[in-house]
Novice: 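For reference, the structure I am asking about is given below.
Within every chain, numbering begins at 1; the chains are lettered A, B, ... in the order of the sequence lines, protein sequences first and strands thereafter.
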Amino acid sequence: MFRESSIIRWRNYNDRYKLIGYKCDQCGKTYFEKKGLCTCGSLTFDEIEFSGKGKIVTYTKVHSGAEAFQEQAPFCVAIIDLDEGARITAQLTDCDYEDLKIGMEVEAVLRKFYKSGEKGVIHYGTKFTPKF
Amino acid sequence: MAGIIGWGAYIPKYRITAETIAKVNNDSAPAIKSGLGLTEKSVPGKDEDTVTISTNAARNALLRADINRKEIGAVYIGSESHPYAVKPSSSIVAEALDIGNQYMAVDTEFACKAGSATIQINAGLVDSKMINYGLSIGSDTSQAEPGNALEYSAAAGGAAFIIGKNEEAIATLDYTCSFTSDTPDFWRRAMQPYPSHAGRFTGEPAYMKHVIGATELILEKSKMKISDFKYVVFHMPNGKFPLIVAKKFGVTNEQIEPGLIVKKIGNTYSGSSLLGLSCVLDIAKPGDKILMTSYGSGSGSDSFIFTCTKKIADAQKKARTTDDYVNRKKYLEYPEYAKHMATIH
């Protein structure tokens, strides 16, 4: 049975729940994950809340997911360029693989990621769904 | 009194028809459809629950409200399907909405009226100046035992309302009152996965008595008559009960139909009357008066009278409508539905 510490995910609420990322205060380049150094050489960043809107760069279908995700299988995963520029890898939901297209507009929704077994914490986070 | 500053709906994408369920249960689909007054119901995605539905509805409400979200001082979520027995849905939703930490929160339960009760609570807090804004949500991924009559109607969805000062409102809350008694028509004991009900007893002494009781009371208190309202919404456990009450009060089809969302998505329990309210706010015009009466088994009804202000027209354009979600749908076959409901894995 899959189990994971509830605290590890608690430390990541900003990027799991809210899509909070980082923007270089020199060149304005955005990142989803915290960076020590921007490609422009700057060391300083401001926090930015992404709108949750973006486009699919590429995608795939997972038939045999990790244990925690198995009950959702098959599911789709995509690399997404957010409107603000940052690139993110995320699970897609409410979609069929056959209907997906590169360049398709998607938007963020809060969904269950997985449960830590039958007694553990339910982990929530951001997935993306085709814009409708 | 206080008023509604913003509203938002969320309904999952998936549907199952009465025919599909009837085939498995060896029931007559035409008899079910005519008996319950509905043809299909919404079904949650495998990764959806009351928390995710509430969050997505509340995000739509925030888009319409145009407020500083950090000023929300209370978050209350009414549901029969909170994902945890112990751990609040409200704090998870508030965290996802990034409203900070200075808010009161609690999850409420009163069968299908747990959400409407939170509007009364937040209105009281706003009127007493304890908070600037309060978030009220009614949301459910309703439970029904496979093979039970409830399986045809128990659906998923929710609506969120930001309650604030009257002068900022898109719809002012003019009157509210409740009608409550200890009536054992429908219940779910601790640790039980599915609710039980008392069959036909859920009708006359339960739903009818309380919905009619609360509606008569608010008409008496407000000195208004049914013809004063542009829209009327009654809780919708099925497509027939609200029409029986409507007939008793002389409510016209034009008044009741716009909010009668049960016919399209089934009974979303705590979300039911609130999604009906969301439907009519999506199309209401300044000056329109709305009467809404919820019902929660056990039993009680909350009745509300709202008057739409000129701010409603702008707010309507700022987020997806309830119908946008109603019309986004994918039909499931019974085995897929069983997986969505986790009755098989």
Novice: Counting heavy-atom pairs under 4.5 Å with chain B, which one of A/Val109, A/Ile122, A/Asn14 comes out on top?
Specialist: A/Ile122
Novice: Decide yes or no for B/Lys46 and A/Phe75: does some side-chain heavy atom of the first lie under 4.5 Å from some side-chain heavy atom of the second?
Specialist: no
Novice: So, A/Tyr124 versus B/Asp49: side-chain donor-acceptor pair below 3.5 Å or not?
Specialist: yes
Novice: Is chain B contacted by the side chain of A/Asp96, its backbone, both, or neither, given a heavy-atom distance below 4.5 Å?
Specialist: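 Contact with chain B involves the side chain of A/Asp96 alone.
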Novice: In the structure I gave you, are the side-chain heavy atoms of A/Leu110 and B/Arg59 within less than 4.5 Å of one another anywhere?
Specialist: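 With C-beta onward as the side chain, the pair touches.
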Novice: Inspect the surroundings of NZ in A/Lys61 and state if more than 12 heavy atoms from other residues, nucleotides or ligands are less than 6.0 Å away.
Specialist: yes
Novice: Taking atom CG as the centre, does B/Asn101 end up with more than 12 heavy-atom neighbours from other residues, nucleotides or ligands that are less than 6.0 angstrom away?
Specialist: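 No, not enclosed.
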Novice: So, do B/Tyr84 and A/Val121 sit near enough that their side-chain heavy atoms are less than 4.5 Å apart?
Specialist: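 The answer is yes, as the side chains (C-beta and beyond) meet within the 4.5 Å cut-off.
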Novice: Among the options B/Ile53, B/Thr55, B/Asp98, pick out the one with the most heavy-atom pairs lying under 4.5 Å from chain A.
Specialist: B/Asp98
Novice: Once rounded to the nearest 0.5 Å, what's the spacing between atom SG of A/Cys95 and atom NZ of B/Lys330?
Specialist: 9.0 Å
Novice: Assess whether a salt bridge exists between B/Asp47 and A/Arg111, defined as any Lys/Arg side-chain N lying under 4.0 Å from an Asp/Glu carboxylate O.
Specialist: yes
Novice: Between B/Ile92 and chain A, which part of the residue has a heavy atom less than 4.5 Å away: side chain, backbone, both or neither?
Specialist: both
Novice: Around atom NZ of B/Lys13, are there more than 12 heavy atoms of other residues, nucleotides or ligands at under 6.0 Å?
Specialist: yes
Novice: Quick check: are there more than 12 heavy atoms from other residues, nucleotides or ligands sitting under 6.0 Å from NZ of A/Lys53?
Specialist: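 No, NZ of A/Lys53 has 12 or fewer neighbouring heavy atoms, counting only those of other groups under 6.0 Å.
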Novice: Give a yes or no on this: more than 12 heavy atoms of other residues, nucleotides or ligands lie within 6.0 Å of atom NZ of B/Lys70.
Specialist: yes
Novice: Side chains of B/Arg328 and A/Asp94, heavy atoms from C-beta outward: is any pair under 4.5 Å?
Specialist: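 Yes, close enough: below the 4.5 Å cut-off.
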Novice: Can you tell whether the side chains of B/Glu95 and A/Lys18 come within less than 4.0 Å, N to carboxylate O?
Specialist: yes
Novice: Between B/Lys87 and chain A, with a heavy-atom cut-off of 4.5 Å, which part of the residue counts as in contact: side chain, backbone, both or neither?
Specialist: neither
Novice: For A/Glu49, is it the side chain, the backbone, both, or neither that has a heavy atom closer than 4.5 Å to a heavy atom of chain B?
Specialist: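 The side chain, not the backbone.
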